[in-house]
Protein chains: 2
Amino acid sequence: MDARRRSLLEATLDCVAEYGMNGASARRVAERADVTAGLIRHYFGSKDAMVSAAYGYLIGQLTSEADEAAEQGGAAPEQRLARFIVANVTAPNLSPRKVALWATFIGRVRTEPDYADIHRESYREFLVLLETLIHPLLLVLKRPADPVTCQHYAIALNALIDGLWLEGGLGHGLYDTALLPRIALSAAEGILALPANTLMQHIDAPSMSSQHVTR
Amino acid sequence: MDARRRSLLEATLDCVAEYGMNGASARRVAERADVTAGLIRHYFGSKDAMVSAAYGYLIGQLTSEADEAAEQGGAAPEQRLARFIVANVTAPNLSPRKVALWATFIGRVRTEPDYADIHRESYREFLVLLETLIHPLLLVLKRPADPVTCQHYAIALNALIDGLWLEGGLGHGLYDTALLPRIALSAAEGILALPANTLMQHIDAPSMSSQHVTR
DNA sequence: CTTACAGTTATACTTTCGTATAACAAGGAA
DNA sequence: TTCCTTGTTATACGAAAGTATAACTGTAAG
């Protein structure tokens, strides 16, 4: 039974999100998970191992949710891409908590190999997924779709998505995050040089309601 | 004389970049700055105050460098915008160290008011700067340039810049960061619906050399 | 019934943390 | 000269850190 393991991971994420890496001490995490600190050793070997495992756990949540968004719904290339983009700038993926967690962990990628491995793999996965969404779309539109072109588009789109996700999640309150899907799709159409509304027409609810950002 | 103060801030950034927030202990920072830990109290009151001051110090470096890039050179709107964008995806602003530092601090923005203040202010400044670069460009091209339009463009451009800066600084090694200026300008032209090469023509060295990413 | 093992707690140990305090050096003001 | 302020070190203290160890469950196997 690894329900305990998962509950320790969630407790770790809770502590990191709320108190930062400093505040995610073994005792505090254990208390949050309603166990004693000794269990950390039992399940993860060390506290550091638990924290990096929590990073992997978080990334898994993020990517699987985006994956699923692209899968469901119609199979038209432009619709799949639109769903994927929107899913990344909408709850539950767009959440201040998740953005804060991601940032905290990303800060350790450069100097700690465990984090670097997790990051590199998930980034590669994201880029590949984007390319496989872009490629058929270019083909349908009878545009050049060589790998290099697809990669460049994927890099730019990934940057746009990351950036908007960050902006939205940080929620500096300078604008309404309900605008993000439209801004994202419109910018993506520009980056890919698509006819206007190619992506935009697939927005779920063109209304101005419901800005469900989990805090 | 606040040379001491600055050297403590730099030492703090060094420690945070290398060991993360956990590793930036009062003793370690003091040792790096060749002083004893007591001085931290003298200059900043507490260790936490020193660390958040270091965040402000870092943000100051980043924004002032981008500011200056936009100032220098010709005054044509498209040239100013191009320079600004390129400066943000090129060394010295594009550096793995700075990205890692930024991420580490950003992770604390949501829950710690000191960080939130610094962040909000710098973000607003960045958005305003982008809008003042976009507005005259739209006017020159006889395009609609109302505030809302400018703001939406600024949000998308800021996301693109942030995202590419992040991708480049994280340096996952999946592509050459020398490509970033071209990718950035091309994507920006798309987002703003500019005629091709409006921005791209202002790239400094169209060669394929020199990828000076400070590590 | 006993054995053995995984899950879990309680506790104790060492290190490191942040910071308070007292003292010392240097320099300008009185 | 004396005095006060500022910059700085040395040191000490309590709290909290990570983790090792031993003991106490329960449950499934023999």
Side-chain angles (χ1 to χ4, degrees), chain A residues 1-58 100-101 104-105 107-108 111-115 118, chain B residues 1-58 100-101 104-105 107-108 111-115 118:
Chain A
M1 180 74 70
D2 61 346
R4 265 288 140 73
R5 189 184 157 91
R6 189 159 59 249
S7 97
L8 276 169
L9 292 179
E10 312 248 28
T12 304
L13 293 183
D14 282 349
C15 289
V16 171
E18 195 158 349
Y19 311 109
M21 294 243 84
N22 281 323
S25 72
R27 282 180 173 82
R28 183 127 57 171
V29 170
E31 184 190 26
R32 174 88 82 171
D34 276 317
V35 295
T36 47
L39 261 202
I40 290 171
R41 178 178 167 76
H42 187 260
Y43 279 99
F44 300 97
S46 78
K47 177 228 166 190
D48 282 351
M50 179 178 70
V51 176
S52 51
Y55 174 41
Y57 181 70
L58 171 78
L101 284 168
T104 303
F105 289 129
R108 309 273 56 227
T111 48
E112 297 199 14
D114 288 357
Y115 291 79
I118 296 171
Chain B
M1 179 73 70
D2 60 348
R4 263 291 140 72
R5 190 185 156 89
R6 190 160 56 247
S7 97
L8 275 169
L9 292 178
E10 312 248 26
T12 304
L13 293 183
D14 281 349
C15 290
V16 172
E18 195 159 349
Y19 312 109
M21 294 245 83
N22 281 322
S25 73
R27 282 179 172 84
R28 184 127 56 171
V29 169
E31 184 189 25
R32 174 87 86 173
D34 276 318
V35 296
T36 48
L39 263 201
I40 291 172
R41 180 179 167 77
H42 187 260
Y43 279 100
F44 300 96
S46 77
K47 178 229 165 187
D48 283 351
M50 178 178 71
V51 176
S52 52
Y55 173 41
Y57 181 70
L58 171 78
L101 284 168
T104 302
F105 289 129
R108 310 273 54 227
T111 47
E112 297 199 13
D114 289 357
Y115 290 80
I118 296 171

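- When the P atom of C/dG7 is taken as reference, atom CG of A/Asp2 falls 10 Å away, rounded to whole Å.
- Remark: A/Arg28 is positioned above the aromatic ring of A/Tyr19, its terminal NZ or CZ atom under 6.0 angstrom from the ring centre and at most 45 degrees off the axis.
- Taking atom CZ on A/Arg28 and atom C1' on D/dA16, their separation rounds to 10 Å, with Å as the unit.
- When the P atom of D/dA17 is taken as reference, atom CG of A/Asp48 falls 14 Å away, rounded to whole Å.
- Comparing A/Gly45 and A/Gly23 against DNA chain D, the residue whose closest nucleotide sits nearer the 5' end is A/Gly23.
- In this structure, the nucleotide among C/dT9, D/dC13, D/dT8 sitting nearest to the side chain of B/His42 is D/dT8.
- Between the CZ atom of A/Arg4 and the C1' atom of D/dT25 there is a distance of 13 Å, rounded to whole Å.
- For the pair B/Tyr43 and D/dT6, the criterion of a side-chain N or O lying under 4.0 Å from OP1 or OP2 is not met.
- When distances are taken from the side chain of A/Lys47 to each of D/dT8, D/dT9, D/dT19, the shortest belongs to D/dT19.
- When the C1' atom of D/dA17 is taken as reference, atom CE of A/Met21 falls 15 Å away, rounded to whole Å.
- Whole-Å rounding puts the A/Phe44 CZ to D/dT19 C1' distance at 16 Å.
- Taking the side chain of A/Arg27 as heavy atoms from C-beta on, and the options C/dC13, C/dT8, C/dT9, the nearest nucleotide is C/dC13.
- A/Ser25 has a side-chain polar atom (N or O) that falls below the 4.0 Å cut-off from OP1 or OP2 of D/dA17.
- Residue A/Asp34 contributes atom CG, which lies 16 Å from atom C1' of C/dG7 at whole-angstrom precision.
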Trace of the side-chain contact (heavy atoms from CB on, under 4.5 Å) decision for A/Cys15 with A/Arg32: CA-CA 8 Å; A/Cys15 289; A/Arg32 174 88 82 171; 4.2 Å; yes
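- Proximity note for B/Leu39 (side chain, C-beta onward) versus D/dT9, D/dG18, C/dT8: the nearest is D/dT9.
- When rounded to the nearest whole Å, the span between CG of B/Asn22 and C1' of C/dT15 equals 15 Å.
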